[in-house]
Visitor: 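First, the structure itself, so that you have it in front of you.
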2 protein chains.
Amino acid sequence: MAFNDLISGALTTSGQVRNEPVQARSSERIATLLDAASAVVAEVGIERLTTAMVAERAGASIGTVYRYFPDRIAVLAAMSLRGFERFLRASVENLEATKPTTLDEAITCLIDAAVELHRTEPGFTSIRLSDQIALPEVDGGTASSARIAGPLAAIFVAELGVDGDGLAERLDIALTMADALLVRAFVIDPKGDPAAIEATRALVAGYLAPAGARA
Amino acid sequence: MAFNDLISGALTTSGQVRNEPVQARSSERIATLLDAASAVVAEVGIERLTTAMVAERAGASIGTVYRYFPDRIAVLAAMSLRGFERFLRASVENLEATKPTTLDEAITCLIDAAVELHRTEPGFTSIRLSDQIALPEVDGGTASSARIAGPLAAIFVAELGVDGDGLAERLDIALTMADALLVRAFVIDPKGDPAAIEATRALVAGYLAPAGARA
DNA sequence: GGTCACCGACCGGAACTCGATCATCACTCA
DNA sequence: TGAGTGATGATCGAGTTCCGGTCGGTGACC
(Lines give C-alpha, C1' and ligand atoms only; values in the text may rest on other atoms or scores of the structure.)
Protein backbone atom coordinates (compact mmCIF):
# COMPACT_ATOMS: atom_id res chain seq x y z
CA MET A 1 0.00 0.00 0.00
CA ALA A 2 1.87 3.05 -1.27
CA PHE A 3 0.83 6.63 -1.82
CA ASN A 4 0.13 6.15 -5.49
CA ASP A 5 -2.47 3.51 -4.70
CA LEU A 6 -4.58 6.51 -3.85
CA ILE A 7 -5.32 7.15 -7.49
CA SER A 8 -6.69 3.71 -8.25
CA GLY A 9 -8.38 3.58 -4.85
CA ALA A 10 -10.30 6.81 -5.13
CA LEU A 11 -11.01 7.07 -8.83
CA THR A 12 -13.93 5.06 -10.06
CA THR A 13 -13.88 6.06 -13.69
CA SER A 14 -17.61 5.86 -14.12
CA GLY A 15 -19.03 6.53 -17.55
CA GLN A 16 -18.55 10.22 -18.03
CA VAL A 17 -18.55 10.16 -21.78
CA ARG A 18 -21.33 8.94 -23.97
CA ASN A 19 -19.26 6.80 -26.30
CA GLU A 20 -15.89 5.54 -25.24
CA PRO A 21 -13.31 6.85 -27.68
CA VAL A 22 -11.82 4.27 -30.01
CA GLN A 23 -9.63 6.27 -32.32
CA ALA A 24 -6.79 8.38 -30.99
CA ARG A 25 -8.13 11.70 -32.25
CA SER A 26 -11.23 11.10 -30.23
CA SER A 27 -9.39 11.20 -26.89
CA GLU A 28 -7.70 14.38 -27.96
CA ARG A 29 -11.09 15.81 -28.81
CA ILE A 30 -12.38 15.14 -25.33
CA ALA A 31 -9.34 16.78 -23.78
CA THR A 32 -9.73 19.74 -26.11
CA LEU A 33 -13.40 20.07 -25.25
CA LEU A 34 -12.65 19.99 -21.54
CA ASP A 35 -9.89 22.56 -21.91
CA ALA A 36 -12.32 24.75 -23.80
CA ALA A 37 -14.96 24.27 -21.12
CA SER A 38 -12.41 25.19 -18.46
CA ALA A 39 -11.54 28.39 -20.27
CA VAL A 40 -15.17 29.28 -20.80
CA VAL A 41 -15.97 28.71 -17.14
CA ALA A 42 -13.06 30.89 -16.10
CA GLU A 43 -14.30 33.58 -18.47
CA VAL A 44 -18.07 33.71 -18.08
CA GLY A 45 -18.77 31.40 -15.13
CA ILE A 46 -20.67 28.17 -14.79
CA GLU A 47 -24.13 29.59 -15.25
CA ARG A 48 -23.39 31.35 -18.51
CA LEU A 49 -21.46 28.53 -20.09
CA THR A 50 -23.24 27.34 -23.22
CA THR A 51 -22.44 24.25 -25.17
CA ALA A 52 -22.08 26.42 -28.27
CA MET A 53 -19.29 28.41 -26.59
CA VAL A 54 -17.49 25.21 -25.68
CA ALA A 55 -17.81 23.87 -29.21
CA GLU A 56 -16.63 27.06 -30.84
CA ARG A 57 -13.66 27.46 -28.54
CA ALA A 58 -12.65 23.83 -29.12
CA GLY A 59 -12.96 24.28 -32.88
CA ALA A 60 -15.67 21.65 -32.98
CA SER A 61 -19.36 21.62 -33.74
CA ILE A 62 -22.23 21.36 -31.31
CA GLY A 63 -22.89 17.84 -32.46
CA THR A 64 -19.42 16.76 -31.43
CA VAL A 65 -19.97 18.06 -27.90
CA TYR A 66 -23.13 15.98 -27.65
CA ARG A 67 -21.42 12.97 -29.09
CA TYR A 68 -19.21 12.81 -26.01
CA PHE A 69 -21.42 14.27 -23.32
CA PRO A 70 -25.08 13.53 -22.73
CA ASP A 71 -25.84 17.10 -21.68
CA ARG A 72 -24.42 20.40 -20.54
CA ILE A 73 -24.14 19.28 -16.90
CA ALA A 74 -22.09 16.25 -17.92
CA VAL A 75 -19.48 18.52 -19.48
CA LEU A 76 -19.14 20.32 -16.17
CA ALA A 77 -19.09 17.06 -14.26
CA ALA A 78 -16.33 15.69 -16.49
CA MET A 79 -14.34 18.87 -15.93
CA SER A 80 -14.84 18.40 -12.23
CA LEU A 81 -13.73 14.80 -12.36
CA ARG A 82 -10.64 15.69 -14.34
CA GLY A 83 -9.81 18.36 -11.78
CA PHE A 84 -10.27 15.84 -8.99
CA GLU A 85 -8.01 13.40 -10.80
CA ARG A 86 -5.34 16.06 -11.22
CA PHE A 87 -5.64 16.85 -7.53
CA LEU A 88 -5.03 13.19 -6.72
CA ARG A 89 -2.00 12.97 -8.99
CA ALA A 90 -0.50 16.18 -7.64
CA SER A 91 -1.13 14.99 -4.09
CA VAL A 92 0.61 11.71 -4.75
CA GLU A 93 3.56 13.53 -6.31
CA ASN A 94 3.85 15.76 -3.26
CA LEU A 95 3.53 12.81 -0.89
CA GLU A 96 6.22 10.80 -2.67
CA ALA A 97 8.55 13.79 -2.85
CA THR A 98 8.04 14.72 0.81
CA LYS A 99 7.83 11.28 2.35
CA PRO A 100 5.85 12.60 5.31
CA THR A 101 6.20 11.01 8.73
CA THR A 102 3.29 12.75 10.43
CA LEU A 103 -0.34 13.28 9.58
CA ASP A 104 0.30 16.99 9.65
CA GLU A 105 2.96 16.79 6.94
CA ALA A 106 0.79 14.51 4.84
CA ILE A 107 -2.17 16.87 5.01
CA THR A 108 0.07 19.73 3.97
CA CYS A 109 0.92 17.77 0.81
CA LEU A 110 -2.76 17.54 -0.06
CA ILE A 111 -3.52 21.15 0.67
CA ASP A 112 -0.53 22.31 -1.36
CA ALA A 113 -1.80 20.24 -4.27
CA ALA A 114 -5.26 21.80 -4.02
CA VAL A 115 -3.88 25.32 -3.72
CA GLU A 116 -1.67 24.77 -6.76
CA LEU A 117 -4.69 23.71 -8.82
CA HIS A 118 -6.75 26.68 -7.67
CA ARG A 119 -3.87 28.90 -8.76
CA THR A 120 -3.05 27.38 -12.13
CA GLU A 121 -6.15 25.72 -13.49
CA PRO A 122 -8.60 28.21 -14.97
CA GLY A 123 -12.10 27.53 -13.75
CA PHE A 124 -11.02 25.13 -11.01
CA THR A 125 -12.32 27.29 -8.18
CA SER A 126 -15.65 27.78 -9.96
CA ILE A 127 -16.04 24.12 -10.62
CA ARG A 128 -15.17 23.21 -7.02
CA LEU A 129 -17.71 25.76 -5.89
CA SER A 130 -20.43 24.04 -7.81
CA ASP A 131 -19.17 20.50 -7.57
CA GLN A 132 -21.91 19.63 -5.18
CA ILE A 133 -24.43 21.07 -7.59
CA ALA A 134 -23.24 19.43 -10.74
CA LEU A 135 -22.26 16.03 -9.46
CA PRO A 136 -25.44 14.92 -7.72
CA GLU A 137 -27.18 14.70 -11.07
CA VAL A 138 -24.45 12.52 -12.45
CA ASP A 139 -23.19 10.09 -9.86
CA GLY A 140 -25.78 10.23 -7.15
CA GLY A 141 -24.41 12.89 -4.86
CA THR A 142 -21.22 11.23 -3.76
CA ALA A 143 -19.01 14.14 -2.88
CA SER A 144 -15.36 13.92 -3.79
CA SER A 145 -14.23 13.93 -0.18
CA ALA A 146 -16.22 10.78 0.51
CA ARG A 147 -14.50 9.00 -2.37
CA ILE A 148 -11.03 9.89 -1.20
CA ALA A 149 -11.37 9.62 2.58
CA GLY A 150 -11.48 5.81 2.76
CA PRO A 151 -8.45 5.00 0.60
CA LEU A 152 -6.53 7.89 2.12
CA ALA A 153 -7.14 6.64 5.64
CA ALA A 154 -5.95 3.16 4.70
CA ILE A 155 -2.76 4.55 3.18
CA PHE A 156 -2.05 6.81 6.13
CA VAL A 157 -2.46 3.89 8.51
CA ALA A 158 -0.08 1.78 6.42
CA GLU A 159 2.51 4.43 5.68
CA LEU A 160 2.45 6.64 8.75
CA GLY A 161 1.38 4.10 11.34
CA VAL A 162 -1.34 6.38 12.69
CA ASP A 163 -4.35 5.05 14.51
CA GLY A 164 -6.99 4.17 11.92
CA ASP A 165 -9.92 4.19 14.30
CA GLY A 166 -12.56 6.47 12.79
CA LEU A 167 -9.86 8.11 10.72
CA ALA A 168 -11.76 7.83 7.44
CA GLU A 169 -14.73 9.68 8.87
CA ARG A 170 -12.55 12.42 10.35
CA LEU A 171 -10.64 12.75 7.09
CA ASP A 172 -13.91 13.10 5.23
CA ILE A 173 -14.93 15.96 7.52
CA ALA A 174 -11.48 17.52 7.35
CA LEU A 175 -11.42 17.43 3.56
CA THR A 176 -14.92 18.87 3.32
CA MET A 177 -13.80 21.70 5.57
CA ALA A 178 -10.57 22.28 3.69
CA ASP A 179 -12.39 22.29 0.38
CA ALA A 180 -15.00 24.78 1.56
CA LEU A 181 -12.43 27.08 3.13
CA LEU A 182 -10.03 27.01 0.19
CA VAL A 183 -12.83 27.72 -2.24
CA ARG A 184 -13.90 30.60 -0.04
CA ALA A 185 -10.31 31.89 0.05
CA PHE A 186 -9.99 31.81 -3.73
CA VAL A 187 -13.41 33.30 -4.33
CA ILE A 188 -12.46 36.26 -2.14
CA ASP A 189 -8.98 36.54 -3.65
CA PRO A 190 -8.35 34.83 -7.01
CA LYS A 191 -4.63 34.72 -6.30
CA GLY A 192 -5.32 33.01 -2.98
CA ASP A 193 -4.67 34.94 0.20
CA PRO A 194 -1.68 33.19 1.87
CA ALA A 195 -3.05 33.96 5.33
CA ALA A 196 -6.38 32.29 4.54
CA ILE A 197 -4.58 29.28 3.12
CA GLU A 198 -2.32 28.94 6.13
CA ALA A 199 -5.34 29.32 8.40
CA THR A 200 -7.02 26.47 6.57
CA ARG A 201 -3.95 24.28 6.86
CA ALA A 202 -3.62 24.99 10.56
CA LEU A 203 -7.32 24.40 11.16
CA VAL A 204 -7.37 21.06 9.40
CA ALA A 205 -4.10 19.94 10.98
CA GLY A 206 -5.41 20.98 14.39
CA TYR A 207 -8.61 19.07 13.85
CA LEU A 208 -6.73 15.91 12.92
CA ALA A 209 -3.89 16.33 15.43
CA PRO A 210 -5.37 14.21 18.26
CA ALA A 211 -5.58 11.27 15.87
CA GLY A 212 -1.95 11.63 14.88
CA ALA A 213 -0.81 11.89 18.50
CA ARG A 214 -2.70 8.74 19.38
CA ALA A 215 -0.55 6.67 17.02
CA MET B 1 -27.54 45.35 22.14
CA ALA B 2 -29.76 42.32 22.55
CA PHE B 3 -30.00 39.06 20.68
CA ASN B 4 -32.87 40.21 18.53
CA ASP B 5 -30.79 43.06 17.16
CA LEU B 6 -29.22 40.33 15.08
CA ILE B 7 -32.13 40.39 12.67
CA SER B 8 -31.92 44.07 11.86
CA GLY B 9 -28.13 43.90 11.93
CA ALA B 10 -27.69 41.08 9.48
CA LEU B 11 -30.64 41.55 7.17
CA THR B 12 -30.26 44.23 4.58
CA THR B 13 -33.57 43.81 2.82
CA SER B 14 -32.32 44.72 -0.61
CA GLY B 15 -34.82 44.85 -3.44
CA GLN B 16 -35.65 41.23 -4.05
CA VAL B 17 -39.04 41.77 -5.60
CA ARG B 18 -39.73 43.79 -8.68
CA ASN B 19 -42.75 45.70 -7.45
CA GLU B 20 -43.37 46.14 -3.78
CA PRO B 21 -46.74 44.61 -2.97
CA VAL B 22 -49.52 47.08 -2.31
CA GLN B 23 -52.59 44.94 -1.96
CA ALA B 24 -52.73 42.17 0.61
CA ARG B 25 -53.24 39.33 -1.85
CA SER B 26 -49.97 40.30 -3.45
CA SER B 27 -47.89 39.44 -0.36
CA GLU B 28 -49.66 36.11 -0.19
CA ARG B 29 -48.81 35.54 -3.83
CA ILE B 30 -45.12 36.05 -3.15
CA ALA B 31 -45.22 33.64 -0.24
CA THR B 32 -47.12 31.13 -2.36
CA LEU B 33 -44.62 31.48 -5.18
CA LEU B 34 -41.70 30.96 -2.81
CA ASP B 35 -43.40 27.94 -1.23
CA ALA B 36 -43.91 26.55 -4.71
CA ALA B 37 -40.30 27.23 -5.63
CA SER B 38 -39.20 25.49 -2.43
CA ALA B 39 -41.24 22.43 -3.28
CA VAL B 40 -39.98 22.36 -6.86
CA VAL B 41 -36.38 22.62 -5.70
CA ALA B 42 -36.91 19.79 -3.25
CA GLU B 43 -38.39 17.72 -6.05
CA VAL B 44 -36.24 18.31 -9.12
CA GLY B 45 -33.29 20.32 -7.80
CA ILE B 46 -32.06 23.80 -8.50
CA GLU B 47 -30.81 23.20 -12.01
CA ARG B 48 -34.03 21.74 -13.30
CA LEU B 49 -36.32 24.27 -11.70
CA THR B 50 -38.18 26.19 -14.39
CA THR B 51 -40.26 29.29 -13.89
CA ALA B 52 -43.16 27.47 -15.52
CA MET B 53 -43.03 24.77 -12.84
CA VAL B 54 -43.08 27.39 -10.11
CA ALA B 55 -46.02 29.18 -11.71
CA GLU B 56 -48.04 26.02 -12.23
CA ARG B 57 -47.45 24.76 -8.70
CA ALA B 58 -48.41 28.13 -7.26
CA GLY B 59 -51.55 28.21 -9.37
CA ALA B 60 -50.34 31.31 -11.13
CA SER B 61 -49.20 32.16 -14.62
CA ILE B 62 -45.70 32.77 -15.91
CA GLY B 63 -46.40 36.47 -16.13
CA THR B 64 -47.18 36.63 -12.43
CA VAL B 65 -43.84 35.09 -11.55
CA TYR B 66 -42.10 37.75 -13.60
CA ARG B 67 -44.24 40.46 -12.11
CA TYR B 68 -42.57 39.81 -8.75
CA PHE B 69 -39.15 38.56 -9.71
CA PRO B 70 -36.83 39.96 -12.38
CA ASP B 71 -35.56 36.54 -13.36
CA ARG B 72 -35.24 32.90 -12.44
CA ILE B 73 -32.16 33.47 -10.29
CA ALA B 74 -34.00 36.10 -8.29
CA VAL B 75 -36.63 33.53 -7.34
CA LEU B 76 -33.90 31.29 -5.98
CA ALA B 77 -32.19 34.21 -4.28
CA ALA B 78 -35.44 35.25 -2.62
CA MET B 79 -35.96 31.69 -1.42
CA SER B 80 -32.45 31.74 -0.07
CA LEU B 81 -32.98 35.06 1.66
CA ARG B 82 -36.24 33.89 3.20
CA GLY B 83 -34.46 30.79 4.49
CA PHE B 84 -31.68 32.93 5.89
CA GLU B 85 -34.22 35.19 7.56
CA ARG B 86 -35.98 32.21 9.09
CA PHE B 87 -32.63 30.97 10.31
CA LEU B 88 -32.00 34.31 12.00
CA ARG B 89 -35.42 34.39 13.64
CA ALA B 90 -35.13 30.82 14.87
CA SER B 91 -31.62 31.55 16.17
CA VAL B 92 -32.82 34.57 18.10
CA GLU B 93 -35.71 32.57 19.54
CA ASN B 94 -33.29 29.89 20.70
CA LEU B 95 -30.88 32.45 22.12
CA GLU B 96 -33.58 34.25 24.07
CA ALA B 97 -35.04 31.00 25.38
CA THR B 98 -31.63 29.62 26.39
CA LYS B 99 -29.95 32.79 27.62
CA PRO B 100 -26.50 31.34 26.96
CA THR B 101 -23.56 32.35 29.14
CA THR B 102 -20.81 30.83 27.03
CA LEU B 103 -19.88 31.00 23.38
CA ASP B 104 -20.36 27.26 23.19
CA GLU B 105 -23.97 27.47 24.33
CA ALA B 106 -24.64 30.35 21.96
CA ILE B 107 -23.25 28.47 18.97
CA THR B 108 -25.41 25.51 19.85
CA CYS B 109 -28.46 27.76 19.57
CA LEU B 110 -27.47 28.71 16.03
CA ILE B 111 -26.71 25.18 14.95
CA ASP B 112 -29.97 23.91 16.37
CA ALA B 113 -31.80 26.57 14.38
CA ALA B 114 -30.04 25.57 11.18
CA VAL B 115 -30.67 21.87 11.77
CA GLU B 116 -34.34 22.53 12.38
CA LEU B 117 -34.64 24.34 9.06
CA HIS B 118 -32.82 21.61 7.18
CA ARG B 119 -35.29 19.16 8.69
CA THR B 120 -38.54 21.02 8.14
CA GLU B 121 -38.10 23.30 5.15
CA PRO B 122 -38.28 21.48 1.84
CA GLY B 123 -35.53 22.62 -0.48
CA PHE B 124 -33.56 24.37 2.27
CA THR B 125 -30.60 22.03 1.96
CA SER B 126 -30.54 22.39 -1.81
CA ILE B 127 -30.70 26.13 -1.66
CA ARG B 128 -27.96 26.31 0.95
CA LEU B 129 -25.92 24.04 -1.26
CA SER B 130 -26.07 26.49 -4.10
CA ASP B 131 -26.28 29.71 -2.17
CA GLN B 132 -22.83 30.65 -3.29
CA ILE B 133 -23.78 30.04 -6.89
CA ALA B 134 -27.07 31.83 -6.96
CA LEU B 135 -26.31 34.85 -4.83
CA PRO B 136 -23.21 36.23 -6.54
CA GLU B 137 -25.28 37.26 -9.51
CA VAL B 138 -27.66 39.15 -7.31
CA ASP B 139 -25.85 40.89 -4.52
CA GLY B 140 -22.24 40.73 -5.56
CA GLY B 141 -21.07 37.56 -3.90
CA THR B 142 -21.67 38.42 -0.28
CA ALA B 143 -22.05 35.06 1.37
CA SER B 144 -24.52 34.76 4.22
CA SER B 145 -21.84 33.99 6.76
CA ALA B 146 -20.11 37.29 6.02
CA ARG B 147 -23.34 39.19 6.59
CA ILE B 148 -24.01 37.61 9.93
CA ALA B 149 -20.50 37.35 11.38
CA GLY B 150 -20.07 41.04 12.17
CA PRO B 151 -23.34 41.70 14.00
CA LEU B 152 -23.10 38.35 15.75
CA ALA B 153 -19.63 39.13 17.05
CA ALA B 154 -20.80 42.48 18.39
CA ILE B 155 -23.73 40.87 20.17
CA PHE B 156 -21.62 38.09 21.66
CA VAL B 157 -19.16 40.63 22.99
CA ALA B 158 -21.97 42.66 24.55
CA GLU B 159 -24.05 39.79 25.90
CA LEU B 160 -21.47 37.17 26.78
CA GLY B 161 -18.52 39.40 27.55
CA VAL B 162 -16.19 37.37 25.33
CA ASP B 163 -13.07 38.84 23.81
CA GLY B 164 -14.03 40.52 20.54
CA ASP B 165 -10.55 40.59 19.07
CA GLY B 166 -10.75 38.99 15.62
CA LEU B 167 -13.98 37.31 16.67
CA ALA B 168 -15.93 38.38 13.58
CA GLU B 169 -13.36 36.79 11.26
CA ARG B 170 -13.29 33.57 13.29
CA LEU B 171 -17.09 33.47 13.38
CA ASP B 172 -17.16 33.91 9.62
CA ILE B 173 -14.87 30.91 9.21
CA ALA B 174 -16.77 28.91 11.81
CA LEU B 175 -20.10 29.59 10.13
CA THR B 176 -18.72 28.72 6.69
CA MET B 177 -17.50 25.43 8.14
CA ALA B 178 -20.72 24.71 9.96
CA ASP B 179 -22.78 25.51 6.89
CA ALA B 180 -20.69 23.25 4.65
CA LEU B 181 -20.71 20.39 7.15
CA LEU B 182 -24.44 20.59 7.87
CA VAL B 183 -25.29 20.70 4.18
CA ARG B 184 -23.06 17.67 3.70
CA ALA B 185 -24.78 15.87 6.56
CA PHE B 186 -28.23 16.50 5.10
CA VAL B 187 -27.20 15.66 1.55
CA ILE B 188 -25.96 12.28 2.75
CA ASP B 189 -28.94 11.72 5.03
CA PRO B 190 -32.09 13.82 4.40
CA LYS B 191 -33.22 13.24 7.98
CA GLY B 192 -29.88 14.48 9.25
CA ASP B 193 -27.54 12.00 10.88
CA PRO B 194 -27.37 13.00 14.59
CA ALA B 195 -23.74 11.92 14.81
CA ALA B 196 -22.72 14.16 11.92
CA ILE B 197 -24.63 17.05 13.46
CA GLU B 198 -23.04 16.57 16.85
CA ALA B 199 -19.63 16.30 15.19
CA THR B 200 -20.24 19.62 13.49
CA ARG B 201 -21.30 21.25 16.74
CA ALA B 202 -18.25 19.93 18.55
CA LEU B 203 -15.93 20.96 15.75
CA VAL B 204 -17.21 24.52 15.60
CA ALA B 205 -17.30 24.88 19.37
CA GLY B 206 -13.76 23.52 19.56
CA TYR B 207 -12.56 25.93 16.93
CA LEU B 208 -14.05 28.89 18.78
CA ALA B 209 -13.23 27.64 22.28
CA PRO B 210 -9.91 29.47 22.74
CA ALA B 211 -11.70 32.74 22.04
CA GLY B 212 -14.29 32.00 24.70
CA ALA B 213 -11.67 31.03 27.25
CA ARG B 214 -9.77 34.24 26.62
CA ALA B 215 -12.72 36.31 27.86
C1' DG C 1 -62.25 55.45 -12.90
C1' DG C 2 -57.78 54.58 -12.00
C1' DT C 3 -54.49 51.69 -10.34
C1' DC C 4 -53.12 46.99 -8.95
C1' DA C 5 -52.89 42.28 -10.13
C1' DC C 6 -53.08 38.79 -13.42
C1' DC C 7 -53.01 36.26 -17.59
C1' DG C 8 -50.96 33.61 -21.52
C1' DA C 9 -49.71 34.01 -26.44
C1' DC C 10 -45.49 35.23 -28.14
C1' DC C 11 -40.37 35.95 -28.91
C1' DG C 12 -35.36 34.96 -28.82
C1' DG C 13 -32.05 31.99 -27.79
C1' DA C 14 -29.97 27.86 -25.85
C1' DA C 15 -30.11 22.76 -25.27
C1' DC C 16 -30.21 18.91 -27.75
C1' DT C 17 -31.28 15.66 -32.17
C1' DC C 18 -30.47 13.43 -36.42
C1' DG C 19 -29.39 12.23 -40.99
C1' DA C 20 -25.64 13.22 -44.16
C1' DT C 21 -20.68 13.35 -44.82
C1' DC C 22 -15.79 12.66 -43.94
C1' DA C 23 -11.77 9.99 -41.69
C1' DT C 24 -9.71 5.93 -40.17
C1' DC C 25 -8.95 1.15 -39.73
C1' DA C 26 -8.87 -3.81 -40.50
C1' DC C 27 -8.73 -6.72 -44.01
C1' DT C 28 -8.12 -8.59 -48.70
C1' DC C 29 -6.00 -9.91 -52.73
C1' DA C 30 -3.20 -8.93 -56.70
C1' DT D 1 3.61 -4.80 -49.70
C1' DG D 2 0.48 -1.71 -50.72
C1' DA D 3 -3.70 -0.08 -53.27
C1' DG D 4 -8.54 -1.10 -52.87
C1' DT D 5 -12.67 -1.56 -49.98
C1' DG D 6 -16.33 -2.02 -46.92
C1' DA D 7 -17.37 -1.12 -41.98
C1' DT D 8 -17.42 1.78 -38.40
C1' DG D 9 -15.84 5.75 -35.86
C1' DA D 10 -15.95 10.74 -35.88
C1' DT D 11 -17.76 15.13 -37.36
C1' DC D 12 -20.84 18.40 -38.87
C1' DG D 13 -24.64 21.88 -38.59
C1' DA D 14 -29.45 22.86 -39.87
C1' DG D 15 -33.50 21.86 -37.50
C1' DT D 16 -36.49 20.91 -33.39
C1' DT D 17 -37.89 21.56 -28.82
C1' DC D 18 -38.08 23.76 -24.74
C1' DC D 19 -37.26 27.48 -21.48
C1' DG D 20 -36.47 32.21 -19.82
C1' DG D 21 -38.43 36.41 -20.25
C1' DT D 22 -41.81 40.28 -22.58
C1' DC D 23 -45.97 42.71 -23.46
C1' DG D 24 -50.46 44.13 -24.44
C1' DG D 25 -54.95 43.14 -22.91
C1' DT D 26 -58.49 41.71 -19.11
C1' DG D 27 -60.33 41.48 -14.71
C1' DA D 28 -60.05 42.76 -9.32
C1' DC D 29 -59.74 46.19 -5.82
C1' DC D 30 -60.32 50.95 -3.62
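Chain A is the first sequence line, chain B the second, and so forth, proteins listed ahead of strands; every chain is numbered from 1.
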Visitor: Please pick, from D/dG9, D/dG21, D/dC12, the nucleotide with the shortest atom-to-atom distance to any side-chain atom of A/Ala60.
Guide: D/dC12
Visitor: Please determine if a side-chain N or O atom of B/Arg29 lies less than 4.0 Å away from the OP1 or OP2 oxygen of C/dC6.
Guide: yes
Visitor: Answer yes when B/Asp112 and B/Arg119 have at least one side-chain N-carboxylate O distance shorter than 4.0 Å, and no when they do not.
Guide: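 Not counted as a salt bridge, because no side-chain N and carboxylate O are separated by less than 4.0 Å.
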Visitor: Kindly give the atom pairs (protein nitrogen or oxygen, nucleotide nitrogen or oxygen) under 3.5 Å for nucleotides 14-16 of chain D.
Guide:
none

Visitor: How close or far is atom P of D/dG21 from atom CG of B/Leu49, stated in whole angstroms?
Guide: 11 Å
Visitor: Looking only at side-chain N and O atoms, does A/Thr50 come under 4.0 Å of OP1 or OP2 in C/dA14?
Guide: no
Visitor: Going by atom type alone, with no hydrogens or angles, which donor-acceptor pairs under 3.5 Å involve a side-chain atom of residues 149-157 of chain B and a protein atom two or more places apart or on another chain?
Guide:
none

Visitor: Could you state the CG-P distance from B/Asp71 to C/dA14, rounded to the nearest angstrom?
Guide: 15 Å
Visitor: Taking salt bridge (charged side-chain N to carboxylate O under 4.0 Å, His left out) as the test, write out the residues that go with A/Glu96, two or more places apart.
Guide: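 For A/Glu96, no residue satisfies salt bridge (charged side-chain N to carboxylate O under 4.0 Å, His left out) once neighbours in sequence are set aside.
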Visitor: Indicate the ring-plane relationship of A/His118 and A/Phe186, choosing parallel, tilted or perpendicular according to the 30° and 60° boundaries.
Guide: parallel
Visitor: B/Phe84 ring centre to B/Arg147 NZ or CZ under 6.0 Å, with the angle to the axis within 45°?
Guide: yes
Visitor: Does A/Tyr66 place a side-chain N or O at less than 4.0 Å from the phosphate oxygens OP1/OP2 of C/dT17?
Guide: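 So the side chain of A/Tyr66 is outside the cut-off, no N or O lying under 4.0 Å from OP1 or OP2 of C/dT17.
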Visitor: When the distance from CD of B/Glu56 to P of D/dC19 is rounded to whole Å, what number comes out?
Guide: 12 Å
Visitor: Starting from P on C/dA15, measure out to CZ on A/Arg48 and report it in whole angstrom.
Guide: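 Between P of C/dA15 and CZ of A/Arg48: 12 Å.
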Visitor: Assess whether side-chain contact (heavy atoms from CB on, under 4.5 Å) is satisfied between B/Leu33 and B/Val75, documenting all intermediate values.
Guide: CA-CA 9 Å; B/Leu33 287 170; B/Val75 177; over 6 Å; no
Visitor: Taking side-chain hydrogen bond (donor to acceptor under 3.5 Å, both in side chains) as the cut-off, I'd like each qualifying pair that reaches into residues 190-203 of chain B, sequence neighbours left out, listed once.
Guide: B/Asp104-B/Arg201, B/Thr108-B/Arg201, B/Glu198-B/Arg201
Visitor: Of all the choices, D/dG20, D/dT11, C/dC4, which nucleotide is nearest to the side chain of B/Arg67 once you look at every atom?
Guide: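 Comparing D/dG20, D/dT11, C/dC4 against the side chain of B/Arg67, the answer is C/dC4.
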Visitor: Figure out the CD/C1' separation between A/Glu28 and D/dT11, and round it to whole Å.
Guide: 15 Å
Visitor: Can you tell me if the side-chain N/O atoms of A/Ser61 get under 4.0 Å from OP1 or OP2 in D/dT11?
Guide: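 So the side-chain polar atoms of A/Ser61 never come under 4.0 Å of the phosphate oxygens OP1 or OP2 of D/dT11.
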Visitor: Please determine whether a side-chain nitrogen of the Lys or Arg among A/Glu93 and A/Arg89 lies less than 4.0 Å from a carboxylate oxygen of the Asp or Glu.
Guide: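 Salt bridge: no.
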Visitor: Between CZ of B/Phe3 and SG of B/Cys109, what distance do you get to the nearest 0.5 Å?
Guide: 7.5 Å
Visitor: If I take atom CZ in residue B/Phe69 and atom C1' in nucleotide C/dC6, what distance separates them, rounded to the nearest angstrom?
Guide: 15 Å
Visitor: Name the stems with DNA chain C in them: runs of three or more consecutive Watson-Crick or G-U pairs, distances under 3.5 Å?
Guide: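 C:1-30 with D:1-30 - these are the stems of 3 or more pairs that involve DNA chain C.
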Visitor: Just jot down the salt bridge (charged side-chain N to carboxylate O under 4.0 Å, His left out) partners of A/Glu121, sequence neighbours excluded, or say none.
Guide: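 Testing A/Glu121 for salt bridge (charged side-chain N to carboxylate O under 4.0 Å, His left out), a comparison that skips the adjacent residues, returns A/Arg86.
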Visitor: For B/Ile73 and D/dC19, what is the distance between atoms CD1 and P respectively, to the nearest whole Å?
Guide: 16 Å
Visitor: A/Arg72 has an atom CZ; how far is it from atom C1' of D/dC18, in whole Å?
Guide: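 Checked: the CZ to C1' distance equals 15 Å.
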Visitor: Within the structure, does a side-chain N or O atom of A/Tyr68 lie under 4.0 Å from either OP1 or OP2 of D/dT11?
Guide: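 Indeed, a polar side-chain atom of A/Tyr68 lies that close.
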